[in-house]
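Below, all heavy atoms of this structure are taken into account, side chains as well, without hydrogens, waters or symmetry copies.
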Amino acid sequence: VLAVAAARLGAGPVVGIDVEDDAVAWTLYNAAANGVEVAASTTPVSDVAGAWGLVLANVLPVVHDGVAAAVAARVAPTGTLVVSGSPEEDADRVAGLYRAEGLAEVRRTSSDGWAGLVFARDAVPAE
């Protein structure tokens, strides 16, 4: 859903990664249904080449534990990382994973018990 929404909003190129083959198939189906181009695969984040201006990571905290370093490495020097999928009670711990990788938290929001975190490189951290 995030990949298709990003493509619909004009981001590109868009690469979607999931651990489930079915999720990849649905991503490609939904991209075609929405008239946008998305590359989707089950390639591990650590194996994806390059850095991106916008990286979206919507996974549970236990997954952030394992992928934070690889995800942070995909954020371009002037890029932004948006992290979601964390209950509010885990947000500080998840934020710490990305701060440890050199990203500054610039915004935090919450809704219905879930946290959304925004990070950037070379940014002034949020107060």
Side-chain angles (χ1 to χ4, degrees):
V1 171
L2 292 176
V4 173
R8 292 246 343 170
L9 291 170
V14 175
V15 176
I17 297 184
D18 203 289
V19 297
E20 299 287 334
D21 288 330
D22 285 346
V24 169
W26 279 110
T27 297
L28 296 172
Y29 173 85
N30 286 318
N34 280 276
V36 295
E37 188 172 325
V38 171
S41 74
T42 57
T43 303
V45 174
S46 58
D47 293 346
V48 174
W52 304 80
L54 176 62
V55 176
L56 309 172
N58 182 42
V59 295
L60 293 172
V62 67
V63 179
H64 285 293
D65 291 338
V67 301
V71 168
R74 301 299 162 260
V75 179
T78 58
T80 300
L81 168 65
V82 179
V83 170
S84 57
S86 297
E88 287 177 344
E89 61 266 18
D90 294 313
D92 286 338
R93 185 178 63 74
V94 170
L97 296 170
Y98 291 98
R99 284 194 303 269
E101 297 299 327
L103 298 173
E105 183 179 345
V106 296
R107 184 166 183 199
R108 184 181 295 201
T109 61
S110 62
S111 178
D112 295 326
W114 294 93
L117 309 168
V118 179
F119 298 89
R121 293 204 185 278
D122 301 324
V124 176
E127 300 268 334

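- For E89, the CD atom sits in a packed shell: over 12 heavy atoms of surrounding residues, nucleotides or ligands are nearer than 6.0 Å.
- In the hydrophobic clustering of this structure, V71 groups with V48; members are Ile, Leu, Val, Met, Phe, Trp, Tyr whose side-chain heavy atoms approach within less than 4.5 Å, directly or through other members.
- Atoms CZ and CG, on R8 and N30 in that order, are 11.0 Å from each other to the nearest 0.5 Å.
- Hydrophobic clustering of Ile, Leu, Val, Met, Phe, Trp and Tyr side chains at less than 4.5 Å, counting indirect connections, keeps V55 apart from V38.
- Residue A91 comes nearest to L117 through the heavy atom pair O-CD1, 3.9 Å, listed as atom of the first residue, atom of the second, then distance.
- Taking OG1 of T42 as the reference point, atom CG of D22 lies at 11.5 Å (rounded to 0.5 Å).
- Residues E101 and A68 share a closest heavy-atom pair of CG-O, 4.1 Å.
- Contact check for R107 versus T80: no side-chain heavy atoms found under the 4.5 Å cut-off.
- Sorted by first then second residue, the ring pair (Phe, Tyr, Trp, His ring centres under 6.0 Å) pairs that include residues 34-73, not counting sequence neighbours, are H64-Y98.
- The distance from the CZ atom of R121 to the OG1 atom of T78 is 10.0 Å, given to the nearest 0.5 Å.
- Summarising the geometry of A51 relative to A73, their closest heavy-atom pair is CB-O, 4.3 Å, with the distance given to 0.1 Å.
- Enclosure of atom CD in E88 by more than 12 non-hydrogen atoms of other residues, nucleotides or ligands within 6.0 angstrom is indicated.
- Among residues at least two apart or in separate chains, salt bridge (Lys or Arg N to Asp or Glu O under 4.0 Å) pairs with a member in residues 61-72 are D65-R93.
- Taking each heavy atom of S84 and N58 in turn, the nearest pair found is OG-OD1, 2.8 Å.
- A donor-acceptor distance shorter than 3.5 angstrom exists from the side chain of R74 to the backbone of S46, with no hydrogens or angles considered.
- In terms of heavy-atom proximity, T27 sits nearest to A3 at CG2-CB, 4.4 Å.
- Looking at N34, its side chain never comes within 3.5 Å of a backbone N or O of V36 through a donor-acceptor pair.
- Follow the hydrophobic side-chain contacts under 4.5 Å out from V63 and you never reach V19; the two are in separate clusters.
- Note: the hydrophobic cluster containing V67 also contains L81 (ILVMFWY, side chain heavy atoms under 4.5 Å, direct or indirect links).
- Side-chain contact between S86 and W114 is absent, with no heavy-atom pair separated by less than 4.5 Å.
- For the residue pair V4 and A31, the shortest heavy atom distance occurs at CG2-N, 3.7 Å.
- Grouping the Ile, Leu, Val, Met, Phe, Trp and Tyr side chains by contacts below 4.5 angstrom, directly or via other members, places V83 with V45.
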